[in-house]
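Notes follow the structure.
From a predicted model like this one, the values you see are computed outputs, not experimental measurements. Every number for a ligand or one of its atoms is a count from 1 in the order of the listing.
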Amino acid sequence: MENLYPHHIFYSLFYLLLLLIFQFSSISLLSSAYTLPDIYFINCGSDSNATVNNRNFVGDATSASFGFSAGQSSPVKASNSSTQTSPGLYQTARVVTNPSSPYELDIQQNGTYMVRFHFYPFSSPKRNLFDAQFDVLVSGFSLLSNFTVKNSSNSPVIKEFLLTINVGKFKIYFRPSQNSSFAFVNAIEVFIAPANCIPDSATLVTPSASNTSNYNGLLSRALHTIHRINVGGVNVAPNNDTLLRSWVPDDDFLFQPNTAKNSEFYNGRPVYGLGKATEFTAPDFVYKTAKEMNIDSNRGDNFFNITWRLVVNKNARHFVRVHFCDIVSYSLNTVKFNLYLYSKFSELVDPYEVIDQLAAPFYFDFVVDSDNSGYMNISVGPRRDSFNQTAFLNGLEIMELMKESEDMEDQASKSHMFIIIICSVVGGVAFVLSLMGVLFWRMRCRKAKAVESVDWPLVPMYGGSSYGTERTPNGSTAPTFYLGLKVPIAEILHATNNFDTKLMIGEGGFGKVYKGTLRSGMKVAVKRSHPGHGQGIAEFQTEIMVLSKIRHRHLVSLIGYCDEGSEMILVYEFMEKGTLRDHLYVCNEDTQKSFSGSELSWNRRLEICIGAAKGLHYLHTGADGGIIHRDVKSTNILLDEQYVAKVADFGLSRSGPPDQTHVSTDVKGSFGYLDPEYFRYLQLTQKSDVYSFGVVLLEVLCARPALNNLLPRDQINLAEWGMSWLMKGELEKIVDPILVGKINPNSLRKFGETAGKCLKEYGAERPNMHDVLWDLEYALQLQQTARNREPHEDSTTDASWVLPMTVVQRLPSQSIIIDESINDGSDTTLISASEVFSQLKIDDAR
Ligand SMILES: *[C@@H]1O[C@H](CO)[C@@H](O)[C@H](O)[C@H]1NC(C)=O
Ligand SMILES: *[C@@H]1O[C@H](CO)[C@@H](O)[C@H](O)[C@H]1NC(C)=O
Ligand SMILES: *[C@@H]1O[C@H](CO)[C@@H](O)[C@H](O)[C@H]1NC(C)=O
Ligand SMILES: *[C@@H]1O[C@H](CO)[C@@H](O)[C@H](O)[C@H]1NC(C)=O
Ligand SMILES: *[C@@H]1O[C@H](CO)[C@@H](O)[C@H](O)[C@H]1NC(C)=O
Ligand SMILES: *[C@@H]1O[C@H](CO)[C@@H](O)[C@H](O)[C@H]1NC(C)=O
Ligand SMILES: *[C@@H]1O[C@H](CO)[C@@H](O)[C@H](O)[C@H]1NC(C)=O
Ligand SMILES: *[C@@H]1O[C@H](CO)[C@@H](O)[C@H](O)[C@H]1NC(C)=O
Ligand SMILES: *[C@@H]1O[C@H](CO)[C@@H](O)[C@H](O)[C@H]1NC(C)=O
Ligand SMILES: *[C@@H]1O[C@H](CO)[C@@H](O)[C@H](O)[C@H]1NC(C)=O
Ligand SMILES: *[C@@H]1O[C@H](CO)[C@@H](O)[C@H](O)[C@H]1NC(C)=O
Ligand SMILES: *[C@@H]1O[C@H](CO)[C@@H](O)[C@H](O)[C@H]1NC(C)=O
């Protein structure tokens with residue numbers, strides 16, 4: 001985490017511009033400017049408000065009107081305040097006996113609405129709500145028929161619907177069934193959902209056919225939620241969902257539980273906005289967990305399906321949404337698989353067909369007819385043409401398309417007329433006056449509310465859900481970015497004990513790094529830029545934009561940022577075990593720093609190198625069309641508690657194809673690791689990272705710094721020295737003493753060969769990180785299986801790894817002399833690039 005951006009001021013203005021454009025375009029993507037509304041949440045039959053899930057459920061028995069009326073109905077109270085859950089909301093209800101007197105809500109905006117009814121029966125002196133049986137109807141749809149809660153367990157029954165409602169009065173009718181004299185309801189939620197949350201058309205699938213057609217007109221239907229499942233995860237309660245939904249685990253629906261296992265929980269944040277999925281499609285929790293194939297290497301055939309069997313209504317039509325997010329693969333394009341609906345229909349799921357990014361949520365929508373079995377089968381299964389043959393699923397939603405019914409409006413209108421006539425006769429002018437009064441009051445009320453509704457944090461977690469727009473105190477929506485990552489300065493001060501120097505774990509040209517603990521208990525690394533260190537706020541924001549999009553198991557994740565006042569603070573996940581170098585050798589410059597490293601076994605070192613290679617491979621090929629790290633070294637590879645390697649400090653790394661205009665605008669990189677080609681072209685490429693990584697490989701093998709001026713001249717430069725031994729075929733003579741005799745010779749040879757390829761003089765001759773990764777995995781396999789094969793067996797047919805001597809000579813040894821301060825080769829970022837260049841150019845010209 002050190003050596004951040006020594007030269008920022010002139011840093012790539014072009015690039016910045018591009019990013020800013022990108023930033024704004026992705027904001028417009030993210031912010032369909034939706035915020036969860038605060039109307040209508042109705043606490044039926046109550047004269048007091050109840051706050052549940054951060055929403056104010058307004059009591060409907062008060063005289064004031066809040067844009068709705070309860071019709072002709074009577075409030076009832078539970079005689080026993082026995083209801084422990086959600087006190088307030090379920091202790092009262094409204095009892096309806098007259099089917100033609102609906103709840104009426106003022107709807108201000110056309111759109112798809114979430115409509116929920118809460119039923120929690122109790123007995124009161126007046127009524128025993130357990131006896132109720134009734135229908136719930138809205139214009140054109142019968143939402144519930146012969147509904148009864150007689151034998152519900154001791155928890156509220158919540159029924160949820162999605163339907164399109166147009167501006168005007170939205171009426172909800174409760175109609176008692178024949179053998180019941182009343183209906184009841186405890187609470188009602190009606191609020192607009194994000195635009196396009198339900199498509200108008202989707203692929204229509206029938207159980208018995210493999211061919212499909214298109215279903216159009218979903219928006220004119222009412223959808224009833226039957227299942228909402230967080231596959232591979234836990235219950236997600238409404239307070240953790242962006243639309244107050246509930247998600248349940250999938251285990252009860254698995255057809256053969258042994259075919260599936262929960263995927264490793266994804267600790268980063270899913271990357272929204274690249275596909276159709278947004279944080280409102282499903283909450284983070286859904287995308288951070290999954291079920292994947294339970295592959296057992298002892299089993300001969302690992303080619304099977306995972307099937308979920310879900311109870312649905314017979315012979316009905318269902319809207320089915322399947323959620324995916326690849327938290328399973330380590331690299332792009334390694335997994336594709338099939339999704340099956342029943343047994344005939346299949347669909348290819350290729351996470352990278354559309355989105356070139358790991359952990360990017362996406363989903364498929366279908367309209368599926370059910371057969372008369374009462375079950376719907378949904379399966380995922382591997383494909384032979386996939387690199388890694390597995391399959392996964394993150395979430396599942398099934399909603400029934402409700403049948404249309406008689407329009408209550410027509411039936412009700414007659415009796416309504418009658419009531420109104422009576423009213424006007426009896427109430428006369430007073431009625432009209434009071435109506436006007438109410439309307440006037442209502443308008444004022446709504447105006448006041450518009451302002452009041454301005455800031456509420458639905459998910460008050462840092463790094464939780466984020467919103468594309470930020471509400472400013474005066475109510476305008478100002479575009480910012482990744483608000484969810486924003487951490488208040490107070491939290492930072494609390495976490496770092498007011499930037500206690502005792503908690504400082506690093507310092508560099510950019511500022512200081514502190515260890516901190518957020519109130520949630522999460523340990524973090526807090527990187528605070530020096531005021532006036534040169535990085536402008538725009539660059540800072542650009543950086544956050546870039547960093548927040550990069551999520552990978554082997555890259556240190558950004559958790560948050562703070563830009564209050566003049567502060568520019570980045571909050572990263574804390575890496576318990578520090579830097580890779582700390583575990584390899586003692587830094588002799590800094591004598592008080594003791595050798596904290598446990599002795600890393602060869603296996604573990606290989607795993608660390610593989611992890612780091614995966615991280616770099618992702619940077620090169622993943623998000624944003626390729627990012628060059630530009631400062632790969634052993635202090636930028638950090639280890640977590642389990643020694644999982646994560647690459648750090650890939651901040652404002654230039655991305656994209658080489659651009660001649662960028663020449664020599666900035667240098668990042670450290671002596672001893674720097675690509676020799678850099679001195680010729682003054683340009684860093686992905687292959688420069690490969691070179692630096694080659695140096696790290698030697699460092700891991702030999703446990704010595706990349707540069708050490710205290711050594712004899714031919715040993716100062718590790719790359720040079722290591723290569724000379726490699727070419728002599730005597731690499732084993734320079735391995736870390738504590739590893740002597742513990743490395744399988746084949747593994748060592750493969751490893752040396754890989755380092756040699758990385759350190760080739762010409763970038764074009766070096767492998768890419770993907771190839772490096774495979775070679776290292778092979779070296780690990782050789783170590784683990786430790787087969788005693790003939791030495792020649794493991795050499796690749798390509799003998800080109802034998803390096804010409806010139807490679808190492810190309811690295812100007814003069815550079816070591818130039819900078820007197822370098823005595824151990826540690827962390828010597830080129831501070832004054834131009835000085836060095838002039839020297840190097842001279843050197844090169846000789
Ligand atoms: C209930 O909430 C409404 C809307 O926020 C508010 O106007 C009213 O005063 C509240 N009533 C009570 C009794 O708190
Ligand atoms: C009220 O609560 C008491 C104890 O909590 C219980 O014994 C009684 O049966 C309850 N009465 C009703 C009507 O639920
Ligand atoms: C709402 O939808 C109705 C019917 O489609 C249309 O007539 C009306 O103009 C729309 N109103 C608004 C405000 O969009
Ligand atoms: C509801 O029950 C009544 C009789 O109680 C019956 O006639 C009607 O068909 C039922 N409706 C549905 C949708 O089951
Ligand atoms: C609930 O009611 C249904 C029919 O309405 C019945 O089949 C079922 O056995 C009841 N369950 C319990 C626990 O009473
Ligand atoms: C209403 O009648 C139907 C059939 O006649 C019966 O199945 C149902 O249990 C009855 N409901 C109530 C609340 O008595
Ligand atoms: C599927 O194909 C059959 C004949 O091949 C046809 O009769 C049927 O209508 C098709 N179904 C759909 C949904 O297109
Ligand atoms: C949900 O929210 C609660 C409280 O905010 C929290 O303790 C819990 O960990 C959250 N996560 C899930 C998956 O429910
Ligand atoms: C659902 O899948 C199970 C297991 O594959 C199978 O036994 C059952 O017949 C399937 N049902 C349907 C309706 O396809
Ligand atoms: C998975 O299920 C589908 C549909 O039932 C079937 O066609 C396919 O052969 C199954 N795949 C495996 C590997 O069993
Ligand atoms: C395939 O993916 C699994 C994780 O789901 C991983 O453990 C395994 O190493 C991968 N295999 C290959 C060849 O990448
Ligand atoms: C309020 O809005 C105005 C312009 O609409 C803006 O200039 C001002 O900075 C805003 N105030 C705050 C506190 O955001």
Note to self: Tell me the contacting part of Tyr340 for ligand 10: side chain, backbone, both, or neither, using a 4.0 Å heavy-atom threshold, strictly below.
What the structure shows: side chain
Margin query: I'd like to know if Arg228 pairs up with Glu160 as an ion pair, taking the criterion as any Lys NZ or Arg NE/NH1/NH2 lying under 4.0 Å from an Asp or Glu carboxylate oxygen.
Written below: yes
Note to self: Would you say Trp308 and Asp250 are linked by a side-chain donor-acceptor pair, where the criterion is simply a distance under 3.5 Å?
What the structure shows: yes
Check: Hey, does Asn49 come in under 3.5 Å of ligand 1, counting only N/O atoms on both sides?
Finding: yes
Next item on the list: Using a strict 4.0 Å cut-off to heavy atoms of Phe303, name the atoms of ligand 10 that fall inside it.
Entry: 13 (C)
Notebook entry, point to check: Can you tell me if Gln256 uses its side chain to pair, donor with acceptor, with the backbone of Thr307 under 3.5 Å?
Noted result: no
Next item on the list: Give a yes or no on whether Asn196 atom CG has more than 12 heavy-atom contacts from other residues, nucleotides or ligands under 6.0 Å away.
Entry: no
Item checked: Basic-acidic side-chain contact under 4.0 Å: Arg175, Asp135 -> yes
Notebook entry, point to check: Is there a side-chain contact between Tyr215 and Asp365, using heavy atoms and a 4.5 Å cut-off?
Noted result: no
Margin query: Looking only at side-chain N and O atoms, does Asp60 offer a donor or acceptor that is under 3.5 Å from a partner on Tyr103?
Written below: yes
Filter the ligand 3-protein atom pairs down to N or O on both sides and distance under 3.5 Å, then list them.
unit_1   : atom_1 : unit_2 : atom_2 : d
ligand 3 : 2 (O)  : Asn110 : ND2    : 2.3
ligand 3 : 2 (O)  : Asn166 : OD1    : 3.4
ligand 3 : 11 (N) : Asn110 : ND2    : 2.8
ligand 3 : 14 (O) : Asn110 : ND2    : 3.1

Note to self: Checking Ser373 against Asp371: is there a side-chain donor and acceptor pair closer than 3.5 Å?
What the structure shows: yes
Item checked: Short N or O distance, Asp47 and ligand 1, threshold 3.5 Å exclusive -> no
Next item on the list: List every atom of ligand 10 that sits less than 4.0 Å from any heavy atom of Phe304, numbering the atoms from 1 in the order shown and giving each element.
Entry: 13 (C)
